[in-house]
Amino acid sequence: MVKKKVAKVLDLRYVVLAGILIILAGGLVLLPKYEKHEGIKPEQLLSNVISPERYISTDKLADILINQDPSYLLIDVRDEESYTKYSLPNAINIPLKKLLSEDFEAYLNQDQYNVVLYSNDNFYADQAWIICNRLDYKNLNVLKGGINKWYETIINPPKPTENMPAEAFELYTFRKAASMYFGVAYPEQFKAPVAKKVVPKKVITVKKKKKAPAEGGC
Amino acid sequence: MKNNQKNRHVYWNPYFGGFLFGILILLTFYITGRGIGASGAMKSSVVTIVDTVAPTHAENNAYYSKFISDEKSPMNTWLVFEALGVLIGAFISGGLTGRISWRVQHSPKITSKRRLVFALGGGILFGLGAQIARGCTSGAALSGMAVLSTGGFITMLAIFGSAFAFAYFFRKNWI
Amino acid sequence: MGPLIPNGIIPQDWDSIIAILIGLVFGFVLEASGFSSSRKLAGIFYGYDFAVLKVFFTAAVVALIGMYYMDYLGYVDITQMYVHPTYLWGAIIGGVIMGIGFVAGGFCPGTSLCAVAIGKVDAIVYVIGIIIGVFIFSELFFLFQPIYEGYFMGNITLADSLGVNPYWFIFIFTLIAILSFVISDIIRKRNKKIFY
Amino acid sequence: MKELEKTKRISIAATLTILIVLIAVLSFERPKHLYKVNSINTLEKIVSADYFVSLDDINNPNYVLIDVRNQFEYEKGNIENAINITTSEILSDNNTDILKEIEEKEKIALLYGARPNDVNGAFLMMTQLGYKNVKILTVNNSYLDNQLITKNVTIEKSVADIQAFIDESVKKASKGVKKKVVVKKPAKKVITVKKKKKAPAEGGC
């Protein structure tokens, strides 16, 4: 008799186990679907968006370009046509449309270079920055004011009037020198402009972050 | 030794074994991103043997050359280490339950010689089939099913389907 | 976090150590649930012991449900998993040959390794057979090449090939598994007992 | 088949798994805010859709004006019947309710700030969180004896043709110096990128 009861209990136990299995499998079906979470959390992205420390001023950028700082990479997010018309030296053109395309991913998603995104103003550059930041790309910055600001400050610096403080004059001379570096010639130069230092060809090799694919087999 | 001898034929509850096996497959996928396997180890050993015995032949044979790479010996693959682990694990489990002893397990009706002949034949067939289907029951079928791979399911159905179909011919060996 | 090693959370050189550990648990579980005895393995085809069916199906169901729960909860990214490639005729023909080998020999490579570990001579012969089988395949590779490489349908999953929602498929697969457990118990009760 | 009777272990294992699954599901609280639009669609949206609204067609009935500047700026001066949702509090609960309510009433959220660039953050956050109809008022706000003046502005208009300016300055300078000034254009920088070798997940038995 006892044997029978034990067998009875065991059957019940198996039924319970089978029930659990069905509930677990069924649970999967009933759980609400949701869009796979891509990129960093919205709260985190919002705090990154608000903080202005992604901006880089035109003076700082001019300084970087003149000293040929190797760790900077310029990316112009405007379309090809305005890129060919004028763009900063050694810049790469990634139009906003093709920002997330496969072959440009090597430039954006790497941690060797400080990337500087810029467009005419920093509207499109900001948009590109926010999307890349959502995908957690490292050390990207945006040129404050874009090419317009670059023109107003570096290429065609405003002459300080007499009652401006001394720094304004220093800033003006720095900017004038910078504009000469970038090709603007000034009439009151007495001697012929010294042969402009050729911007050395800088080869940027972007080392891809190796993500080993899960290979497997039998 | 008496107690050890007693539970020689007492195995785990299959559901418990299956459950642990399922968790193991989950763990393997979670850590390495790939399933488990077995016949890959045999393949690597064959490739190493042929490579050491006749390297030139191995070089220009289309199949061997796939697995021979100069900087890494074929034995240095994931599956070979895993097969090594299987041997050790089985030895431990066998030791705990006292099942370790040199013997040929065969149904009382047949002689051990016939059993060995069938084992050899079965092995050759299985080795051939495993290469064609790129995986065996644990490699292709089970690991494939864990990620719903169509190939895994087809292989599993083919293996068990044909096994059931041909079971009738080999019934004298087992029952 | 997804697969730890490919995502670089665990460095690559831990790979082989983890392989040995996984193999160790693999061997222990297989041997403990009786897969080292070929007669227990062959039981499924002759109805006197459905251990293979139970272990195989439970493992598949547990792995499936676990995998898709982890994917749902975001602990794992299932798209990075290695999906076994689908070579249609390769799988069918290879599967049939393996099926015959399974019934004739009584082992599959994983279980034969377990049996070798506990001293089964027929398992050692079986492993030698596998090695010869692989050798034959490689030598006559040019014969098998069309099947081996043909009909490649990519590393597709059932969700793409049958267009079925994976969660529904898992639910139905679990029901089939439980049904097969019940049927196998009924059959075993009616069959005569074999002691091995 | 004695082992079928030994079910002690399997019940322990079963209860353990249920516990783990329950803990996992309970501890997994769905984050409050979830992206509904992945990054590629967001990119397409901002590149293709025209989400700019100019000042003159502002009095469309189903526009809801939203000022993204901070509280102080809003008090100082804002466009009439605009509500104030500062960018940093856009994810706060009551702001989310307001935005959801706008969404339900099929109204169009029209964002504006001191300059269009400041609106970018709020605009992209809302598009990625799945709000459908969000637009930007392309307007610059400034104060003249603390009276708000809003002027229309076009986005990203290039201020001057810089290349022309440089060439013209060179011409002007060379007229003075007579000698032909050779200005070497900065050499094109060859940037080689190692193509991401798509390492196929090799494997197989």
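So that the names make sense, note that chain A is the first sequence line, chain B the second, and so on, each numbered from 1. What you are looking at is a predicted structure, and each value in this text was computed from that prediction instead of being measured. Note that these values count all heavy atoms, side chains included, but never hydrogens, waters or copies made by symmetry.
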[atom1] of [X] to [atom2] of [Y]: how many Å apart, nearest 0.5 Å?
X	Y	atom1	atom2	result
T150(B)	D160(C)	OG1	CG	6.5 Å
Y82(C)	T32(B)	OH	OG1	12.0 Å
F141(C)	K66(B)	CZ	NZ	3.5 Å

Within the side chain of [X], is there an N or O that forms a donor-acceptor pair under 3.5 Å with the backbone of [Y]?
X	Y	value
R171(B)	Y46(C)	no
T155(B)	A91(C)	no
S149(B)	H84(C)	yes
T86(C)	G151(B)	yes

Considering non-hydrogen atoms only, spot the tightest contact between A42(C) and W174(B) and give its length. CB-CD2, 3.5 Å
Tell me the closest heavy-atom pair linking G34(C) and Y11(B), and the distance in Å. CA-CD2, 3.2 Å
Please classify the contact of I18(C) with chain B as side chain, backbone, both or neither, using a heavy-atom distance under 4.5 Å. side chain
Tell me, for M70(C) versus chain B, whether the close heavy atoms (under 4.5 Å) come from the side chain, the backbone, both or neither. side chain
Stepwise, does the ring-ring contact (aromatic ring centres under 6.0 Å, His included) test hold for Y63(B) with F142(C)? CA-CA 9 Å; Y63(B) 192 60; F142(C) 55 90; over 10 Å; no
What is the ring orientation for Y15(B) with F181(C), classed by angle as parallel under 30°, tilted 30 to 60°, or perpendicular over 60°? perpendicular
So, applying side chain to side chain contact (heavy atoms under 4.5 Å, CB included) with V29(C), which one of F19(B), W12(B), F16(B) is it? W12(B)
